[in-house]
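First up is the structure itself, then whatever we jot down about it.
Proteins get letters first, then strands, A, B, ... in listed order; numbering begins at 1 in each.
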There are 2 protein chains.
Amino acid sequence: MAEALEPEQLDTYFALMESVSVLHHAVEQQVRSAGELSYVQFQLLARLADAPDRQLTMTALADGVVYSRSGLTHQAGLLEKAGLITRGPSPDDQRATLVTITQAGLDRVATILPGHIEVVRDLLFDPLSTKDLAALGDVMTRVRDHMRAQPPRSAAPRKRRT
Amino acid sequence: MAEALEPEQLDTYFALMESVSVLHHAVEQQVRSAGELSYVQFQLLARLADAPDRQLTMTALADGVVYSRSGLTHQAGLLEKAGLITRGPSPDDQRATLVTITQAGLDRVATILPGHIEVVRDLLFDPLSTKDLAALGDVMTRVRDHMRAQPPRSAAPRKRRT
DNA sequence: TATTGTTATACTCTATAACTATA
DNA sequence: TATAGTTATAGAGTATAACAATA
């Protein structure tokens with residue numbers, strides 16, 4: 001195992017990473033200038049805004065966005081201080097903390113969104129046809145689901161060595 | 001203008017960002033544990049290893065990887081201190097600094113690469129067919145070229161307003 | 001005047017480890 | 001014993017602004 005990637009795979013990997021890096025940087029700036037938030041904070045708010053009751057447990061909120069508990073606690077602290085979320089105990093599990101987005105949080109997301117969408121369209125979707133979009137969406141959805149199914153690396157710091 | 005993204009676009013955007021975020025985190029860890037480098041540093045070395053004479057000017061090196069001059073100077077300083085690159089004056093342009101990767105730098109990249117490739121394969125390419133790979137490569141190459149052609153946001157902090 | 005690169009500084013983000021409390 | 005979350009702390013990354021030198 002561990003054979004070399006095909007050249008085509010390597011090119012694809014590099015194109016993907018560079019593109020998303022540039023896109024990430026662009027949206028980071030947009031979110032910061034339009035809404036005084038980091039992109040991570042914006043993503044957390046966006047997730048809450050889309051959640052069933054506009055609330056999620058800390059762990060659920062972190063998924064795919066933040067990779068350490070303490071990092072999330074820190075960001076949640078900032079968002080709470082800014083009045084964009086509230087934190088309270090969960091009725092189902094006394095250990096869990098339920099995070100809820102406030103109206104101010106929803107407003108903030110609404111303020112950021114139009115410009116955000118504009119940046120994403122200009123940078124990412126502009127050069128793509130409808131067909132391209134469908135292909136990209138299909139592939140990346142599959143990749144994301146595959147990654148979600150993967151054992152979390154954060155919790156599995158290679159033990160076995162043989 | 002600035003109409004809402006189609007739902008399909010939004011889903012695609014989110015899947016893309018989450019996937020690459022997870023991938024980024026995984027390769028970051030791999031590069032750090034296998035080669036004692038940050039991912040940014042690894043990318044810089046990898047670019048130099050692939051460059052025509054194994055050397056690039058600071059500005060060319062930064063493209064798509066680092067978004068501020070000072071950030072690159074800092075990272076280059078660390079890489080030079082570690083003996084992985086050297087910096088010298090450019091014969092073509094007295095203002096420019098030519099960065100060259102050393103043999104130790106090439107060795108370091110070679111040390112990191114196998115494990116790196118393994119992570120990328122497991123996380124990104126595993127769930128993709130040959131056809132998917134071709135589609136992804138085609139689309140992301142096009143996106144990257146589009147972004148490269150874009151006026152650099154860093155240097156164009158929106159002036160016009162009307 | 002514009003561009004290349006460096007320096008100094010300040011700030012944000014992230015992660016590690018130790019800890020509390022509940023399942 | 002395992003999981004959810006917090007705290008404190010330390011380290012790395014990044015950006016801004018002021019600067020020097022060359023085009």
Check: Do A:L136 and B:L136 pass the side chain to side chain contact (heavy atoms under 4.5 Å, CB included) test, and can you show the C-alpha distance, the side-chain angles, and the key distance before you say yes or no?
Finding: CA-CA 6 Å; A:L136 182 62; B:L136 183 63; 3.8 Å; yes
Check: Where does the angle between the aromatic ring planes of A:H24 and A:Y39 fall among parallel (under 30°), tilted (30 to 60°) and perpendicular (over 60°)?
Finding: perpendicular
Notebook entry, point to check: When the distance from NE2 of A:H25 to P of C:dT12 is rounded to whole Å, what number comes out?
Noted result: 16 Å
Next item on the list: Provide, to the nearest angstrom, the distance between the CG atom belonging to B:D63 and the C1' atom belonging to C:dG5.
Entry: 15 Å
Next item on the list: Determine, for A:R108 against A:E36, whether the closest basic-nitrogen to carboxylate-oxygen distance falls under 4.0 angstrom.
Entry: no
Note to self: With a 3.5 Å distance limit and no angle check, can you tell me whether A:T97 reaches the backbone of A:M58 through a side-chain donor-acceptor pair?
What the structure shows: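 Here the side-chain-to-backbone pair does not exist.
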Check: Side chain of A:Y67, backbone of B:V22: donor and acceptor closer than 3.5 Å?
Finding: yes
Next item on the list: Using side chain to side chain contact (heavy atoms under 4.5 Å, CB included) as the criterion, point out the one residue from B:Q43, B:Q55, B:Q75, B:R47 that pairs with B:L61.
Entry: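 The single option meeting the side chain to side chain contact (heavy atoms under 4.5 Å, CB included) with B:L61 is B:R47.
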For nucleotides 16-19 of chain C, which of its nitrogen or oxygen atoms have a protein nitrogen or oxygen under 3.5 Å away, and what is each distance?
unit_1: C:dT16; atom_1: O4; unit_2: A:S70; atom_2: OG; d: 2.3

Item checked: B:R87 atom CZ, neighbour heavy-atom count above 12 within 6.0 Å -> yes
Item checked: Cluster link A:L133 to B:V143, ILVMFWY, side chain under 4.5 Å ->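 Yes; tracing contacts between hydrophobic side chains, which count when under 4.5 Å, links both residues.
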Next item on the list: Starting from the 5' end of DNA chain C, give me the residue, A:V65 or B:M58, whose nearest nucleotide shows up first.
Entry: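 Its nearest nucleotide lies further toward 5', so the answer is B:M58.
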Notebook entry, point to check: Listed in order of residue number, which residues of residues 74-100 of chain A have a non-hydrogen atom at under 4.0 Å from DNA chain D?
Noted result: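 Output list: A:R87, A:R95, A:A96, A:T97.
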Check: If you look at every heavy atom in A:A51 and A:L56, which pair is closest and at what distance?
Finding: CB-CG, 3.7 Å
Next item on the list: Give one of base, sugar-phosphate or nothing for B:T59, where a contact means two heavy atoms less than 4.0 Å apart.
Entry: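 Since only primed, P, OP1 and OP2 atoms lie under 4.0 Å of B:T59, the category is sugar-phosphate.
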Next item on the list: Please list, in 5' to 3' order, the outermost nucleotides of DNA chain D lying under 4.0 Å from any heavy atom of chain B.
Entry: D:dG13 to D:dA23
Notebook entry, point to check: Nearest 0.5 Å, what's the CG-CZ distance between B:L106 and B:R54?
Noted result: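 Rounded to the nearest 0.5 Å, the CG-CZ separation comes out at 4.5 Å.
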